[in-house]
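Quick notes on the structure that follows.
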Amino acid sequence: MAELSELERQRHLKLQRIREKGIDPYPPRVERTHTAAQARTAFENAREGETPTVKVAGRLMSIRVMGRSAFAHIEDGSGRIQIYLRQNVLGEEEYEFFKRDFDIGDFIGVEGRLFRTRTGEVTVEVQRFHMLAKSLKPLPEKWHGLRNVEIRYRQRYVDLIVNQDVRRVFATRARIISALRRFLDEHGFLEVETPILQPLYGGAMARPFTTYHNQLHQTLYLRIATELYLKRLIVGGYERVYEIGKNFRNEGVDQEHNPEFTAIEFYMAYADYNDVMDLTEEMVAYVAQEVLGTLQITYDGNEIDLTPPWSRIPLRQAIKEKTGIDYREYPEAESLYQAIREIGGDVEPKATWGKLVDSLLNNYVQPKLIQPTFLIDYPIEISPLAKKKPEDPSTVERFEGFIGGMEVCNAFTELNDPIDQRERFLAQGRAFEAGDEEAHQMDEDFIRALSYGMPPTGGWGMGIDRLVMLFTNQTSIRDVILFPLLRAKE
RNA sequence: GGGCCGUUAGCUCAGUCUGGUUAGAGCACCUGCCUUUUAAGCAGGGUGUCGAAGGUUCGAAUCCUUCACGGCCCA
């Protein structure tokens, strides 16, 4: 154990004194009749002259001792309430016990009458109190709180104790996920769970985390997407399925990426990507209305209106408008690379044609998509699971949704032709051989599933963390993930 | 992977450019006073491996090198 600071030594001394008094500083139970909020309500609802007695419990957040009386605030999950301790009520010994051995951060249970102070605050006049849990480490400063982002992420518990707005962000996150679930449940979707440990990874262009099953002597991958399993369920006869859960991608950490993130995917038989766009708009608007009570949000200084319908712009047109480059006029990676260099773009010379299109999208188009926008109709090269447009086999029926300059969702009319799917996987295999480590793997069982027949289907995936960022106006994904990945320390 | 910035008391931060008594402030903490306070107040008290390791120097929180962790920007 590391050496104790002076402040910690003080607290350990107090702990020892409490034990010497024969008091358990960590008792197993507490009697509570009211939360802080309920106690306040009870007082407001009491008849004139009545002073309800309550038992409340919580963490001591401030203490103001004034000789023979003291005020303090305790906080529980419902909020704060003030308590008032007087020597002539408690007796000298008990009062001294509080003054001497209780610290900010301790959990305390109190029983007493409610009254209103001179300044109007509903307060418990304490008749009895108990130590519920002694805190051995001092809390951060009451006024500035905890600002050090490294400590905030590594010791999120401290962040949550002292930063109320952080608690609010994660409460909003929970309500967003709950609203998404409600929306899909009400639209006839079945929530399912598919494997996180997979013998083959797929459903996205990404590198996986690899692990090993000792008993089976088998390499397994943490899923990078739920897509291929969910489509197997459409083959199986479910018409509408969805899954909410963690995906894992072996990639860097930045403001919009955490290697472990929460995604939602749904698949809808007898629907195409146009239907899915309609549903996306409706869903995001529903969630915003349920959680925020409005369709107007502010994100990173921008006013954003989520009201449907959203713009739908072909990707090719969007890139041409922003860069002057029509990528179809440069069918080879080489010529497209030269065209990008001519407009001053800084790109990887070895990039594949698909990666070059992707870089045009990311660098020139995406940052400008502040209002909700669907970019539609993507090149087939970067979309190995999407169905070709009947009139243009170089393009697939795919869209991505952008809000606030962030990509929030990705969807297509699903490729359900098993022979075409095999060809796509083979093309991906060649890309992998050529050095694209994110290229898709051949999945024979998935092709077998498609070979039994999958109805025309629209599929969709969204990064929940990014939606939470938008709805809580946080510009770093780490501020919407309770325990973001940081490099191990110590 | 590259560039820039940060790391000083439990917390929030000065001090580093321009090296020089014993390293500072506020909150927190300790001692005393104070029975309706609320960033309570008054009087007194620094409780520190200046991220780590080397180096330069009579002398290093400060200058140099390397490393660790974090942030921002770029790839």
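Lettering of chains follows the sequences in order, A, B, ..., and the numbering in each one begins at 1. Note that these values count all heavy atoms, side chains included, but never hydrogens, waters or copies made by symmetry.
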How close or far is atom [atom2] of [N] from atom [atom1] of [X], stated in whole angstroms?
X: A/Ile151; N: B/G70; atom1: CD1; atom2: C1'; answer: 11 Å
X: A/Arg152; N: B/G71; atom1: CZ; atom2: C1'; answer: 12 Å
X: A/Lys137; N: B/C11; atom1: NZ; atom2: P; answer: 9 Å
X: A/Ile83; N: B/U37; atom1: CD1; atom2: C1'; answer: 13 Å
X: A/Asp479; N: B/C72; atom1: CG; atom2: C1'; answer: 14 Å
X: A/Arg487; N: B/C67; atom1: CZ; atom2: P; answer: 13 Å
X: A/Phe115; N: B/U35; atom1: CZ; atom2: P; answer: 15 Å
X: A/His257; N: B/A75; atom1: NE2; atom2: P; answer: 14 Å

What contact category does [X] fall into here, base, sugar-phosphate, or nothing, at under 4.0 angstrom with non-hydrogen atoms?
X: A/Arg147; result: sugar-phosphate
X: A/Arg116; result: nothing
X: A/Asn148; result: sugar-phosphate
X: A/Glu121; result: base
X: A/Arg9; result: nothing

Can you tell me the pairing partner of [N] across any strand shown, Watson-Crick or G-U wobble, with both distances under 3.5 angstrom?
N: B/U16; value: none
N: B/C72; value: B/G3
N: B/U65; value: B/A53
N: B/C42; value: B/G32
N: B/A23; value: none

>> Going by ring pair (Phe, Tyr, Trp, His ring centres under 6.0 Å), name the residues that satisfy it together with A/Tyr299, two or more places apart in sequence or in a different chain.
In response: none
> Can A/Tyr378 and A/Glu400 be said to form a side-chain hydrogen bond (donor to acceptor under 3.5 Å, both in side chains), step by step?
Replying inline: CA-CA 9 Å; A/Tyr378 279 56; A/Glu400 290 185 302; 2.7 Å; yes
> How close do A/Ala57 and A/Ile74 get, heavy atom to heavy atom, and via which atoms?
Replying inline: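 Looking at all heavy atoms of both residues, the closest pair is C-CD1, 4.0 Å.
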>> Whether A/Arg80 and A/Glu75 form a salt bridge (side-chain N of Lys/Arg under 4.0 Å from carboxylate O of Asp/Glu) is what I want to check.
In response: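 Salt bridge present between A/Glu75 and A/Arg80.
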> Considering only the C1' atoms, how many Å lie between B/U47 and B/U8, rounded to the nearest integer?
Replying inline: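 Looking at atom C1' only, B/U47 and B/U8 are 15 Å apart.
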> In whole Å, what separates the C1' atom of B/C13 from that of B/A28?
Replying inline: 14 Å
>> With side chain to side chain donor-acceptor pair (under 3.5 Å) as the test, pick out the partner of A/Asp465 among A/His257, A/Arg173, A/Arg478.
In response: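 So the option named by the test is A/Arg173.
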Does OP1 or OP2 of [N] have a side-chain N or O of [X] closer than 4.0 Å?
X: A/Arg86; N: B/U36; result: no
X: A/Arg118; N: B/U37; result: yes
X: A/Gln255; N: B/C72; result: yes

> Are A/Phe43 and A/Phe115 near enough that their ring centres are under 6.0 Å apart?
Replying inline: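 No, too far apart.
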> Of A/Ser476 and A/His144, whose nearest nucleotide on RNA chain B comes first from the 5' end?
Replying inline: A/His144
>> For A/Ser5 and A/Val347, find the nucleotide of RNA chain B closest to each by heavy atoms; which residue's nucleotide sits nearer the 5' end?
In response: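 Between the two, 5'-proximity favours A/Ser5.
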> Which of these passes salt bridge (Lys or Arg N to Asp or Glu O under 4.0 Å) with A/Asp101: A/Lys134, A/Lys14, A/Arg17?
Replying inline: A/Arg17
Using atom names, set out every protein N or O paired with an N or O of nucleotides 28-33 of chain B below 3.5 Å, distance rounded to 0.1 Å.
{"residue": "B/A28", "atom": "OP1", "partner": "A/Lys142", "partner atom": "NZ", "Å": "2.9"}
{"residue": "B/C30", "atom": "OP1", "partner": "A/Lys14", "partner atom": "NZ", "Å": "2.6"}

> Take atom CD in A/Gln164; do more than 12 heavy atoms of anything else shown fall under 6.0 Å from it?
Replying inline: no
> Under 6.0 Å from the CZ atom of A/Arg167, do we count more than 12 heavy atoms belonging to anything else shown?
Replying inline: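 Enclosed.
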>> Side chain of A/Leu486, heavy atoms from C-beta onward: which of B/C11, B/U37, B/G70 has the nearest atom to it?
In response: B/G70
